[in-house]
There are 2 protein chains.
Amino acid sequence: MANQWLDDGEQRAWRAFLGMTELLPSALDQQLQRESEMTHSSYIVLAMLSEAPGRSLRMSELAARAHSSPSRLSHTVSRLEKRGLVRRERSTEDGRGNVAVLTDAGWDVVVATAPGHVAAVRRFVFDVLTPEQVHQLEQIASAVLGELDPDGTLRPPSPAANPEP
Amino acid sequence: MANQWLDDGEQRAWRAFLGMTELLPSALDQQLQRESEMTHSSYIVLAMLSEAPGRSLRMSELAARAHSSPSRLSHTVSRLEKRGLVRRERSTEDGRGNVAVLTDAGWDVVVATAPGHVAAVRRFVFDVLTPEQVHQLEQIASAVLGELDPDGTLRPPSPAANPEP
DNA sequence: TGACAATAGTTGATCGTTCAATCATGAGGA
DNA sequence: TCCTCATGATTGAACGATCAACTATTGTCA
């Protein structure tokens with residue numbers, strides 16, 4: 001009934017996809033929660049900061065890279081700030097802007113947490129896919145992402161969206 | 001830093017995948033919220049019931065089909081019950097079990113909501129993928145799902161997991 | 001039969017997300 | 001310059017999800 005306008009193949013793909021997108025985030029959340037008392041979205045925020053020059057980013061830029069709404073990011077950063085993992089600074093260029101900075105303690109948490117997290121990602125995703133499937137996944141996800149966010153407003157500026165040559 | 005043990009291709013695939021899994025659920029949620037004041041997970045519950053014989057399912061079976069925890073499903077059904085879309089009945093076979101039944105009002109909501117929802121799914125996913133990519137997506141999602149839930153405890157009993165012949 | 005464990009599901013507290021409202025600063029035009 | 005609007009970000013309330021504890025029923029075995 002619900003999927004009356006999807007054909008059989010689409011329906012199978014959609015069901016499997018729904019299962020994956022329902023279960024994978026919880027699995028990653030649980031792993032991070034056990035090892036570091038951390039949510040996946042909090043971890044993403046720390047990870048993005050850890051990769052940025054000066055380990056700091058404007059809130060808006062950080063929101064884009066984490067695919068997060070301004071509000072959600074603000075709350076997340078507030079929680080991380082309370083734990084001493086991140087610090088806020090007023091932007092020097094634009095008095096309206098805030099800059100989130102990863103503290104040393106925050107850096108240590110990323111360093112301690114990354115291995116286990118990457119192992120989980122490997123285990124659940126890349127270990128069960130062939131190299132070809134990894135490439136296919138990138139193409140598929142990029143295509144969907146392009147429709148969800150055509151302007152790239154919610155995406156990082158540089159990479160991640162290169163169509164087949 | 002965070003993804004130090006993923007190679008370039010894996011990294012690109014993972015970033016795109018994260019973006020998709022972050023943005024797609026919100027997009028579907030928003031569409032359903034606008035049209036029917038309904039969450040995606042609530043919709044799934046109603047849709048699963050609408051497809052079941054007698055428009056009813058045991059709570060545990062419904063949880064498996066919706067990839068939901070018992071607790072989450074119980075809360076969701078309680079909310080739907082308050083809105084008159086679902087009703088609970090004690091199982092006749094097993095006095096511990098409860099059965100969720102889709103009411104006529106619930107059925108009407110599914111009928112009214114499905115077209116717009118399917119259109120959104122089409123727009124964001126299937127319209128931007130080739131038939132080949134749809135097949136690839138099914139293979140990929142099934143493989144990941146198999147690792148996330150090896151016993152199929154959280155999956156429907158019959159379909160959705162047929163590997164390459 | 002009685003005791004104990006396992007199963008099915010619910011509940012309340014807590015935490016994270018969403019939404020609408022708000023505040024402060026910067027930019028542009030009369 | 002002053003007024004207005006746009007931008008960057010935060011806040012609090014309401015809602016949904018998660019976790020641990022709990023109730024009720026069934027199954028098992030001595």
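Predicted, not measured: the structure shown is a model, and the values here were computed from it. Within every chain, numbering begins at 1; the chains are lettered A, B, ... in the order of the sequence lines, protein sequences first and strands thereafter.
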Kindly point out which of [options] is positioned nearest to the side chain of [X]?
| X | options | answer |
| --- | --- | --- |
| B:His75 | D:dT10, D:dG16, D:dC19 | D:dC19 |
| A:Ser78 | D:dC19, D:dT11, C:dT18 | D:dT11 |
| A:Met59 | C:dT17, C:dG9, D:dT10 | D:dT10 |

Using atom [atom1] of [X] as one end and atom [atom2] of [N] as the other, report the distance to the nearest whole Å.
| X | N | atom1 | atom2 | answer |
| --- | --- | --- | --- | --- |
| B:Glu37 | D:dC15 | CD | C1' | 13 Å |
| A:Leu23 | D:dT18 | CG | P | 11 Å |
| B:Asp29 | D:dA17 | CG | C1' | 12 Å |
| B:Glu93 | C:dG9 | CD | P | 11 Å |
| A:Leu57 | D:dG8 | CG | P | 15 Å |
| A:Gln33 | D:dA20 | CD | C1' | 14 Å |
| B:Leu62 | C:dT10 | CG | C1' | 15 Å |
| A:Arg96 | C:dG26 | CZ | P | 7 Å |

Touch class at under 4.0 angstrom, heavy-atom based, for [X] against every strand present:
| X | result |
| --- | --- |
| A:Thr76 | sugar-phosphate |
| A:Ser41 | sugar-phosphate |
| A:Ser60 | sugar-phosphate |
| A:Asp94 | sugar-phosphate |

Whether A:His117 and A:Tyr43 hold their rings parallel, tilted or perpendicular, with breakpoints at 30° and 60°: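 Aromatic pair A:His117/A:Tyr43 classed tilted.
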Short side-chain N/O contact to [N] OP1/OP2 from [X], under 4.0 Å:
| X | N | answer |
| --- | --- | --- |
| A:Ser71 | D:dA9 | no |
| B:Arg88 | C:dT10 | yes |
| B:Arg72 | D:dG16 | no |

From B:Met20 atom CE to A:Asp149 atom CG, the distance as rounded to the nearest 0.5 Å: 14.0 Å
Would you please say whether a donor-acceptor pair under 3.5 Å links the side chains of B:Gln33 and B:Glu37?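 Their side chains do not contain a donor-acceptor pair, so the 3.5 Å distance test is not met.
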Cluster check B:Val110, B:Val99: I/L/V/M/F/W/Y, side chain < 4.5 angstrom: no
Going only through I, L, V, M, F, W and Y residues with side-chain contacts under 4.5 Å, is there a path from B:Val101 to B:Leu80? no
Does NZ or CZ of A:Arg122 lie under 6.0 Å from the centre of the six-membered ring of B:Trp5, at an angle within 45° of the ring axis?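 Ring-cation test returns no.
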If you take atom types as modelled and just measure distance, does the side chain of B:Ser26 reach the base of C:dT18 with a donor-acceptor pair under 3.5 Å? no
Of A:Ser42 and B:Gly97, the one whose closest DNA chain C nucleotide lies more 5':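 Between the two, 5'-proximity favours B:Gly97.
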How do A:Pro70 and B:Arg79 order along DNA chain D: which one's closest nucleotide is nearer the 5' end?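 Looking at DNA chain D, the more 5' nearest nucleotide goes with A:Pro70.
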